[in-house]
Amino acid sequence: MAHGKSKTTILKFDSEEDVAVALAKYTADLSEKYIREKGSISVVLSGGSLIDTMRKLVESPYKESVDWSKWLIFWVDERVVPLTSDDSNYKLAYDGFLSKVPIPSSNIYAINDKLSPEGAANDYEARLKHLVESKIIPLSNASGFPKFDLMLLGMGPDGHVASLFPNRPQRYEKKRWVTFITDSPKPPPPRITFTFPVINSSSDIAMVVTGAELADTVNIALGDGLPPDSIPLPSMEVSPEGELKWFLDKDAASKLK
């Protein structure tokens, strides 16, 4: 199924457990590929249920076989709360994933949680620019925005990805790499987020969506499309330069024909 400029594959699995197994193999295979080709892999994480669905990566055989020392970790969005808060995507990832694999702490790029939302967004963008100048993260030849290897994204029931919500202006930002939101419709309200130009400059994106509560939204994004006169879902704008793979369990895919 072609979608935008990227190659899109829709993978349906019988259960969330099967999604977790497949996601671990997919991620480990890409890790091996990118480390072989360029010496590292940049992985961008989101929040929500994604970290739990990544759980197989911290088990055998991947815990031992993946070269964790070559991973660089970023967040597609983050809540502007202390990194120790239960609302923090960093804490979620640390507790469920990062604390269980030997990724060097210097390779983990959390936000500065002491700043305002605007300050945290500016700081994160400045750090990305420094990594580009240092030749650690390349720029996309096509877009001129930073090109990450792999983004692991989820989707909300309203179709939001990262902290790009249907009825908020941040989804239309075209110049910034990182922007901020102070009135997220989903709590907590202050957040920073990558913009669509950065998301869509990625080489590979996995959209990991499980659960029956997302079935209608999946069907809009991948099946029947939008009702007349409604605005497109942010998830429908995800279109990486390389390949987009949707990982769906049967509950999330249940409305697809």
Side-chain angles (χ1 to χ4, degrees), residues 1 3-4 6-31 33-34 41-59 62 66 71 73-78 89-90 92-98 100-101 148-165 186 193-194 196 198-200 202-223 233-240 242-256:
M1 170 182 168
H3 183 274
S6 57
K7 182 182 170 199
T8 300
T9 307
I10 301 169
L11 303 171
K12 301 177 189 175
F13 299 90
D14 284 342
S15 65
E16 188 274 342
E17 175 76 5
D18 293 336
V19 172
V21 170
L23 183 66
K25 183 176 190 317
Y26 163 84
T27 305
D29 288 350
L30 282 180
S31 173
K33 169 183 175 264
Y34 283 115
I41 180 170
S42 54
V43 179
V44 181
L45 303 176
S46 53
S49 59
L50 172 79
I51 299 300
D52 185 47
T53 310
M54 291 174 67
R55 64 189 177 274
K56 300 293 181 186
L57 270 175
V58 304
E59 299 174 7
Y62 306 116
V66 170
W71 276 45
I73 296 285
F74 302 87
W75 278 266
V76 71
D77 70 327
E78 179 58 286
N89 284 341
Y90 167 83
L92 181 73
Y94 183 82
D95 290 349
F97 174 58
L98 297 173
K100 301 176 181 182
V101 290
F148 292 94
D149 297 323
L150 173 61
M151 289 199 182
L152 299 168
L153 303 180
M155 177 180 73
D158 60 354
H160 81 267
V161 290
S163 283
L164 301 168
F165 293 92
K186 187 179 170 190
T193 182
F194 282 3
F196 267 126
V198 173
I199 291 171
N200 287 339
S202 305
S203 294
D204 287 280
I205 294 181
M207 289 282 289
V208 184
V209 184
T210 59
E213 69 278 7
L214 293 162
D216 287 323
T217 316
V218 167
N219 188 42
I220 293 171
L222 295 175
L233 303 179
S235 58
M236 298 170 77
E237 295 177 35
V238 175
S239 181
E243 191 163 2
L244 171 61
K245 284 196 172 175
W246 286 73
F247 288 78
L248 305 172
D249 69 355
K250 71 171 185 290
D251 290 340
S254 60
K255 301 281 178 74
L256 289 175

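For the numbers below, each heavy atom of this structure counts, side chains included, while hydrogens, waters and symmetry mates do not. Numbers here are sequence positions counted from 1.
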Please examine the side chains of Phe148 and Val43, heavy atoms only from C-beta on, and report whether any two atoms are closer than 4.5 Å.
no
Please list all pairs passing the salt bridge (charged side-chain N to carboxylate O under 4.0 Å, His left out) test where one or both residues lie in residues 213-222, with sequence neighbours left out.
Asp216-Lys255
Leu92 versus Ile51, closest heavy-atom pair with distance
O-CG2, 3.6 Å
Evaluate the side-chain proximity of Phe247 to Thr210: yes if any heavy-atom separation is below 4.5 Å, no if none is.
no
With a 4.5 Å heavy-atom cut-off, do Ser203 and Tyr34 have their side chains touching?
yes
So, are Asp29 and Lys33 salt-bridged, with charged N and O less than 4.0 Å apart?
no
If we ignore hydrogens and angles and just use 3.5 Å, is the side chain of Glu243 paired with the main-chain N or O of Lys7 as donor and acceptor?
no
Do Met151 and Val198 have side-chain heavy atoms sitting under 4.5 Å apart?
yes
About how many Å separate CD1 of Ile199 and CD of Glu237, when rounded to the nearest 0.5 Å?
9.5 Å
Verify the distance criterion only: is there a donor paired with an acceptor across the side chains of Asp18 and Ser15 at less than 3.5 Å?
yes
Is any side-chain heavy atom of Glu16 closer than 4.5 Å to a side-chain heavy atom of Asp251?
no
Per the salt bridge (charged side-chain N to carboxylate O under 4.0 Å, His left out) rule, what does the pair list look like for residues 148-165, sequence neighbours excluded?
Lys38-Asp149
Considering all heavy atoms of both residues, which atom of Ser239 and which atom of Asn200 are nearest to each other, and what is their separation?
N-OD1, 2.6 Å
Would you say the side chain of Glu17 lies within less than 4.5 Å of the side chain of Lys56, judging by non-hydrogen atoms?
yes
Please determine if Glu59 and Lys100 form a salt bridge, counting it only when a charged side-chain N lies under 4.0 Å from a carboxylate O.
no
Heavy-atom pair of closest approach, residues Leu150 and Thr27:
CD2-CG2, 3.9 Å
Evaluate side-chain contact (heavy atoms from CB on, under 4.5 Å) for Val101 paired with Val66, printing each intermediate quantity in order.
CA-CA 9 Å; Val101 290; Val66 170; over 6 Å; no
To the closest 0.5 Å, what do you measure between OG1 (Thr193) and CD (Glu78)?
10.5 Å
Out of curiosity, Leu23 CG to Phe13 CZ, how far, rounded to the nearest 0.5 Å?
8.5 Å
Minimum side-chain heavy-atom gap Lys12-Trp246 below 4.5 Å
no
To the nearest 0.5 Å, how far apart are CE in Met207 and CG in Leu11?
13.0 Å
If you take all heavy atoms of Lys250 and Asp14, which pair is closest and at what distance?
NZ-O, 3.0 Å
Less than 4.5 Å apart, any side-chain heavy atom of Leu152 and any of Met54?
yes
